[in-house]
Amino acid sequence: MSVDKQQLLQFLLRQGDNTLVLGHRVSEWCGHSPILEEDIALANTALDLIGQTQMWLGYAAEVQGEGKTADDLAFLRDAWDFRNVLLVEMPNGDFGQTLLRQFLFDAFQSVLMGRLMKSSDEQVAAIAAKASKEIAYHVERSADTVVGLGDGTEESHDRMQAALEYLWPYAGEMFESDDTDAAMAAAGVAPDPAGLREEYDALIGKVLGEATLTIPDSRYNHKGGRNGAMHTEHLGHLLTSMQWLQRAYPGCEW
Amino acid sequence: MTSASVEQVWEWLETIPDPEIPVITIVDLGIIRNVELHDETCVVSVTPTYSGCPATSMINMDIETKLRDCGLDKIEIKQQLAPAWTTDWMTDKARDALEKYGIAPPQPAGGPKRCPRCGGDHLEKLSQFGSTPCKAQWRCQDCLEPFEYFKCI
């Protein structure tokens with residue numbers, strides 16, 4: 001079955017915008033982490049995410065066929081054109097909140113990439129195979145840190161529980177599905193995200209349990225990022241910083 | 001244009017050091033996946049170690065500079081993603097060179113076999129990450145020295 005180019009483009013933008021926005025968010029920690037090892041770890045994670053962005057948005061630009069590059073897509077679009085889930089644009093908060101957000105995302109990526117490696121689209125499969133090796137490291141570290149802080153001191157536990165309650169309503173958007181997902185699933189490019197929820201819940205349930213954290217009962221979800229309907233105010237602020245150079249000096253090259 | 005054989009190009013590439021770990025060459029690292037000559041164009045396929053590794057663009061530049069210095073003028077560098085790079089492609093020569101340099105070579109078990117300084121085997125992981133995307137930080141509990149471990153992927 002052939003793939004609708006516009007739908008494939010939407011799917012690729014969702015992948016690339018997730019890693020781009022989270023990569024930028026995580027890079028905000030550079031030079032500010034509690035200890036040197038964590039600073040290096042966060043910077044490395046951000047670097048991997050931005051590397052993955054180059055692959056996803058590079059392919060998106062190719063599918064788009066308008067002669068654009070990954071850089072054009074990253075730096076020359078405004079908030080309403082971004083297709084990342086709201087979770088990744090949430091502010092860093094404290095170190096614990098950053099790592100909890102990372103864990104909620106890493107766990108999703110680890111489940112998703114396992115499926116995308118079998119994609120009918122060779123380029124999607126190749127990017128997923130490359131990214132999955134990096135994600136394996138990310139999820140190992142973010143899970144360990146969530147357990148360490150959750151099952152740590154009273155202070156760290158309370159902060160992690162508060163972070164979970166703040167971020168939990170943003171986790172559900174990763175499993176939303178729409179026409180784009182249906183088209184990707186029909187063409188064998190990507191799975192319907194709704195079908196990944198069970199595996200995800202099992203994975204995070206185990207880690208959060210070990211971290212002595214309580215998953216909130218509510219399944220209410222904030223959404224509107226991956227379909228572009230409405231981002232949070234945080235994305236606009238993030239872009240002013242990330243896109244500053246291209247906004248101040250349009251077309252400037254390194 | 002100087003004509004060159006594929007074997008000759010490989011020999012030239014074998015002299016290019018990794019920009020961040022200069023004791024190993026880019027061929028030893030296993031990232032040169034293919035060399036082909038199409039008419040007069042030399043096509044070199046390179047695979048990235050980590051997707052965001054900043055050394056990738058420098059490596060591409062080093063390849064181009066080297067081949068130009070050797071007299072080639074039509075050079076194409078292709079990025080090859082699949083199959084994804086694995087540390088299994090690193091040569092034994094590179095593993096030995098890494099250890100002598102103070103970096104523990106990758107092991108399938110997921111951690112270093114011994115301390116590259118004293119050879120001790122009481123080791124602890126300090127961080128999953130290190131000074132470059134491809135390395136992690138470990139410490140030897142025998143000599144108490146920290147050292148870098150080349151991650152196995």
Side-chain angles (χ1 to χ4, degrees), chain A residues 15-16 19-20 22-24 26-27 33 35-59 62 70 99 102 106 113 116-117 119 121-145 254, chain B residues 19-20 29-31 33-34 45-61 77-90 103 106-112 124-139 146-153:
Chain A
Q15 304 309 316
T19 51
L20 173 64
L22 187 59
H24 185 81
V26 176
S27 77
S33 304
I35 56 167
L36 184 60
E37 283 77 5
E38 293 306 330
D39 206 287
I40 292 168
L42 283 164
N44 266 294
T45 304
L47 194 59
D48 285 343
L49 288 166
I50 291 163
Q52 291 164 21
T53 304
Q54 286 175 330
M55 300 193 288
W56 289 121
L57 292 188
Y59 187 31
E62 194 185 313
L99 265 295
Q102 190 69 35
D106 289 343
M113 290 305 140
L116 292 186
M117 283 166 71
S119 173
D121 183 307
E122 278 180 21
Q123 185 70 1
V124 168
I127 296 171
K130 183 81 211 156
S132 71
K133 293 187 175 205
E134 296 161 3
I135 292 162
Y137 267 98
H138 297 176
V139 73
E140 194 181 324
R141 168 173 175 274
S142 58
D144 280 355
T145 315
W254 194 241
Chain B
E20 281 173 342
L29 192 56
I31 59 171
R33 301 316 300 159
N34 200 20
S45 301
V46 187
T47 192
T49 52
Y50 283 75
S51 59
C53 185
T56 308
S57 57
M58 184 166 304
I59 289 170
N60 290 349
M61 206 170 70
I77 296 171
K78 281 209 298 202
Q79 192 196 53
Q80 185 178 322
L81 283 186
W85 179 76
T86 158
T87 38
D88 294 347
W89 293 342
M90 193 186 282
I103 300 170
Q107 301 292 339
E124 64 171 335
K125 185 172 73 184
L126 295 181
S127 173
Q128 199 64 282
F129 297 90
S131 62
T132 62
C134 56
K135 288 177 284 174
Q137 295 175 80
W138 283 66
R139 176 161 54 204
F147 65 90
E148 290 192 302
Y149 164 62
F150 203 108
K151 293 191 279 201
C152 185
I153 68 167

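Because only heavy atoms are used, hydrogens play no part in the values below, and waters and symmetry mates are left out as well, while side chains stay in. A, B, ... follow the sequence lines: proteins, then strands. Residue 1 opens every chain. Note that the structure is predicted; figures quoted are calculated from it, not measured.
Comparing Pro83(B), Pro133(B), Ala136(B), Cys53(B) by heavy-atom pairs within less than 4.5 Å of chain A, the highest count is held by Pro133(B). Note on Ile50(A), Leu49(A), Thr53(A), Asp48(A): by heavy-atom pairs under 4.5 Å with chain B, the leading option is Asp48(A). In terms of heavy-atom pairs under 4.5 Å with chain B, the best-connected choice from Glu140(A), Glu38(A), Gln54(A) is Glu140(A).
Heavy atoms of Gln137(B) lying under 4.5 Å from chain A belong exclusively to its side chain. With a 4.5 angstrom heavy-atom cutoff, Ser51(B) touches chain A via backbone and side-chain atoms both. For Cys134(B), no part lies under 4.5 angstrom from a heavy atom of chain A. For Lys135(B), no part sits under 4.5 Å from any heavy atom of chain A, backbone or side chain.
With Lys151(B) contributing its side chain and Thr87(B) its backbone, the two residues share no donor-acceptor pair below 3.5 Å. Within the 3.5 Å criterion, the main-chain N or O of Gln107(B) finds a donor-acceptor partner in the side chain of Tyr149(B). Between the side chain of Trp85(B) and the backbone N or O of Leu29(B), at least one donor-acceptor pair lies under 3.5 Å. The backbone N or O of Ile153(B) lies less than 3.5 Å from a partner atom in the side chain of Thr86(B), making a donor-acceptor pair. Between the side chain of Asn44(A) and the backbone N or O of Gly130(B), at least one donor-acceptor pair lies under 3.5 Å.
With sequence neighbours excluded, no residue forms a side chain to side chain donor-acceptor pair (under 3.5 Å) with Glu20(B).
With no hydrogens or angles considered, a side-chain donor-acceptor pair links Asp121(A) and Tyr59(A) at under 3.5 Å.
Heavy-atom neighbours of Glu122(A) CD from other residues, nucleotides or ligands within 6.0 Å: at or below the threshold of 12. Taking a 6.0 Å sphere around CZ of Arg33(B), one finds it holds more than 12 heavy atoms contributed by other residues, nucleotides or ligands.
Near-neighbour residues of residues 129-136 of chain A relative to chain B, defined by a heavy atom under 4.5 Å from a heavy atom of that chain, comprise Ala129(A), Lys130(A), Lys133(A), Glu134(A).
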